[in-house]
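A quick write-up on the structure given underneath.
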Amino acid sequence: MKNYPFRKIEKKWTAFWLKKKVFQPDLKKAKNPFYNLMMFPYPSAEGLHVGNMYAFTGSDIYGRFKRMQGCDVFEPIGLDGFGIHSENYAIKIGAHPMKQAKKTEKNFYRQLQMIGNGFAWDNRLQTYDPEYYRWTQWIFTELFKAGLAFRKKSPVNWCPSCKTVLADEQVISGKCERCDSEVVKKDLEQWFFKTTKYAGKLLDNLDKLDWSEKVKIAQKNWIGRSEGALIKFSVSGLKSPISVFTTRPDTILGATYLVLAPESAVIQSLRKKIKNWEEVEKYIAKSAGKSEAERISEEREKTGVELKGVKAINPSNNMEIPIWVSDYVVAGYGTGAIMAVPAYDERDFAFSEKFGLPVVKAPLIPKDQAIKQTKAKRTTEYRLRDWLISRQRYWGPPIPLVYCGHCAEALNNLGPKRAKAKGWSKGEIENPGWIPVKEKNLPVVLPFVKDFRPTGSGSSPLASVKSFYETPCPRCGETGHRETDVSDTFLDSAWYFLRYPSVTDKKRAFDPKLTKKWLPVDMYLGGAEHAVLHLLYSRFLTMALKDLGYLDFEEPFATFHAHGLLLRNGAKISKSKGNVINPDDYIKKFGADAFRMHLMFLGPLEEGGDFRDAGIVGITRLLDRVWNFVIHFKPRKKKNLSPWLHASIKKITKNLSDLRYNVAIAELMIIMNKFSEHPDEVSKQDLETFVLMLAPFTPFLSEEIWLILGNKPSVHSKPWPSYEESGIESGSFELVIQVNGRVRDRVEVESGIEAKEAEKIALGRPKVRAFLKGSKPIRVIFVEGRLINIVV
RNA sequence: GCCCAGGUGGCGGAAUGGUAUACGCGAAGGACUUAAAAUCCUUUGUUCGCAAGGACUUGUGGGUUCGAGUCCCACCCUGGGCACCA
């Protein structure tokens, strides 16, 4: 038995496919478009991670399956090369990210070529390419003009190690998503995208999406809808009352004090009345300096200070109640103020215990009445925050806005109404002095800056490049000052799937005709870790672009499936554990086909798998057997498909649709085992059917043996084998005979036999008689084509 | 604490309420070989038995059912997500 010559074969077909553009659909003429998307990688200089290959292979198999089912499959790939990840790596090795990007790009595309995916190479894109980020910036200006991008000073997440602010979604359990450092709160003025505007839609649409359930649930929790009411508590001597948000207006009789978040503006307005102001101020300052982790690490031991000298009135019973400040109340949620009901809320109870406050178990009153009585307003609150989009870093698309003092003044003189009439955009009016760069002047090119490292000063390295920031105002032409922050990498990846079909379009971000034809994405496969990052941002951006009239759909991904985590010997794969797998080594040693198939055989794609080197020989054995069987194959007279194969086709087809590739591979092994047992009974059609079903898993080998069998390439554009239900039925089956639910005997019988006949056969069997011991059956259950159960 | 997913041989894992342990790895024995590798054949859940055959077995304990890995209840464990969001 020979080993199949994978090196030769893989080289040969890579060149052939490229030359013939087998996997490059005609995007304009395609009749049956199917957009098969996988999450594009962040290219690190270490090269393609085995986890990437696991995900890409899983996605590619599906794409190949759909292609054989008659779809024009579009399977693009690109590089998400802008951002902190690439930049931090460049810093580490002392290279410049701009130069480093070119190197990693070459290496990545080399590797992506090797793994045997059917990529549409003509449509690849890189987020750091000015031809790409030109349109990322255009999206920014469009959102800005529509009032969906705005500047705001607020306490934001700051990563001291990455020296930049981060979005809420990028803080994982109080730590930076990229470097794992503890994130602190800083009061800074930053750019945001108004994701909260779409909170309701982002949540409601989830029910309509065909997505992995766990991802939908993660998004649901992250958006976090709460139905409740705003209740006003008046404060003596204060004009405006304190408004609190509660989901439990029915508990209001038990509200014995109010609590304000330390950042609450209400505290400042009460300043003159507060007798212990110094103490209060000290507390506010102390909690401002705390990191998220610190607040949590104190084991939720409650802290706080009473605002002495001020009292609020509970509108339900007109009782005077004290007001406290405590950091257990979150500033950015609701109104940043709560009514504390220690009798019905654990957290309030803990606070009361600590400070000796009364716990009044007052009766509950019906919600509606409570709302009426207190003249409260029903509202819905979301946990979701606006997307903090600016970054004080170098390696990203410059935010395409210019600050102009003259325009700020002009706007002030005009007033908002006249400004609007004169054609000032919503964004310009709401963010005085900020003017978007005109479309024709995009991209704002990221200049080459020698010292690109983050400064830590709260501004990006671009802030020290005069030739960059000094620029004429796009509106009035006077000297303006460019925004020197760049945008979040996640903005690049929030729209890349829109760009793929239109990569060659120099005039628009995306061609309307191509977009209509190919989008939304038909099948998206990627990691569940992006549930509230990339997947949420993409949905937001699609909704925003739809409202701006650029798209006619509001959900970007019709179907999304999350693949599981690839482990190694039961442990997570990480550099620190030293168990990193380099796909290059395995491809060199076993071939891309064997490596692909091995990865897919480890377990169900959506559940992940445990990579063990030992197991790969099982796959190479199979492929060697297939190879030798084909090269020695001499078809006998028999031409038709063997009847037993119908059931196999059915199983494999179903398993591919369900992404249960491991089971499909097992079935392919069973077919090969049967071929080996009775080689003389294998018809040419049998073998070809097998090769067709093998093709999505082992594209190179399959193409070669397809040719050896006398067919023209490419096997990958041939129709998927069909089966007939009638072909699955055979003349007989094995009847299982149970006595009291336990299997006692089995016997081959004619298919289609009926209950009475089966009973007669069963009762005639000596084994069954032995178990019956002469007693008569009280009940007989017959399952057609399967079993008979005799109950005594 | 809350919300998901899961717990099946030595290991990865199969199983529309109907033959549990498919397929693969590993292991043991044999064939070929001077020998080894490769390959091929046989065996391989536990246990009692010389055997025929029996008993037990899908995290634990209950339940529904003629029949439960699968459905229901309670609990234990593992992995993931959220975490003072009122």
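To find a chain, count down the sequence lines: A is the first, B the second, and so on, and within it residues start at 1.
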Look at the rings of A:W627 and A:Y4 and say which category their plane angle falls in: under 30° parallel, 30 to 60° tilted, over 60° perpendicular.
tilted
Please work out whether the ring planes of A:F629 and A:F675 are parallel, tilted or perpendicular, with thresholds of 30° and 60°.
parallel
Candidate nucleotides [options], ranked by approach to the side chain of [X] - the nearest:
| X | options | answer |
| --- | --- | --- |
| A:R660 | B:rC23, B:rG12, B:rA14 | B:rA14 |
| A:I217 | B:rA14, B:rC4, B:rG24 | B:rC4 |
| A:K572 | B:rC25, B:rG80, B:rU19 | B:rG80 |
| A:W222 | B:rC82, B:rG26, B:rC84 | B:rC82 |
| A:R621 | B:rA22, B:rU39, B:rG54 | B:rU39 |
| A:R744 | B:rG54, B:rC66, B:rC23 | B:rG54 |
| A:V743 | B:rA20, B:rC84, B:rC66 | B:rA20 |
| A:R746 | B:rU19, B:rC23, B:rG26 | B:rU19 |
| A:M669 | B:rG18, B:rC23, B:rG13 | B:rC23 |

Base, sugar-phosphate, or nothing for [X], non-hydrogen atoms under 4.0 angstrom?
| X | value |
| --- | --- |
| A:L787 | base |
| A:E734 | base |
| A:F245 | sugar-phosphate |
| A:I338 | base |
| A:R612 | sugar-phosphate |

Under 4.0 Å: is that the gap between some side-chain N or O of [X] and OP1 or OP2 of [N]?
| X | N | value |
| --- | --- | --- |
| A:R786 | B:rU16 | no |
| A:R742 | B:rC56 | yes |
| A:R383 | B:rC82 | no |
| A:R779 | B:rC66 | yes |
| A:N662 | B:rA14 | yes |

With distance as the sole criterion, do the side chain of [X] and the base of [N] form a donor-acceptor contact below 3.5 Å?
| X | N | value |
| --- | --- | --- |
| A:N789 | B:rC66 | yes |
| A:K220 | B:rC3 | no |
| A:R625 | B:rU39 | no |

[X] [atom1] to [N] [atom2], straight-line distance once rounded to whole Å:
| X | N | atom1 | atom2 | value |
| --- | --- | --- | --- | --- |
| A:E784 | B:rU19 | CD | P | 16 Å |
| A:E381 | B:rC84 | CD | C1' | 16 Å |
| A:I616 | B:rG13 | CD1 | C1' | 17 Å |

Distance check, [atom1] atoms only: [N] and [M], in whole angstrom units.
| N | M | atom1 | value |
| --- | --- | --- | --- |
| B:rG13 | B:rC23 | C1' | 9 Å |
| B:rG69 | B:rU8 | C1' | 7 Å |
| B:rC25 | B:rA31 | C1' | 23 Å |
| B:rU33 | B:rG54 | P | 43 Å |
| B:rU58 | B:rG7 | P | 13 Å |

Does A:W324 form a ring-ring contact (aromatic ring centres under 6.0 Å, His included) with A:F355? I'd like the steps, not just the answer.
CA-CA 11 Å; A:W324 285 68; A:F355 293 101; 4.8 Å; yes
Which heavy-atom pair separates A:A167 from A:Y537 by the least distance, and what is that distance?
CB-OH, 3.5 Å
Checking salt bridge (charged side-chain N to carboxylate O under 4.0 Å, His left out) for the pair A:K216/A:D207: CA distance, chi angles, key distance, verdict?
CA-CA 8 Å; A:K216 288 212 264 188; A:D207 291 334; 5.6 Å; no
Considering residues, nucleotides and ligands other than A:E734, do more than 12 of their heavy atoms fall under 6.0 Å from its CD?
yes
Is the NZ or CZ atom of A:R539 both under 6.0 Å from the centre of the six-membered ring of A:W211 and within 45° of that ring's axis?
yes
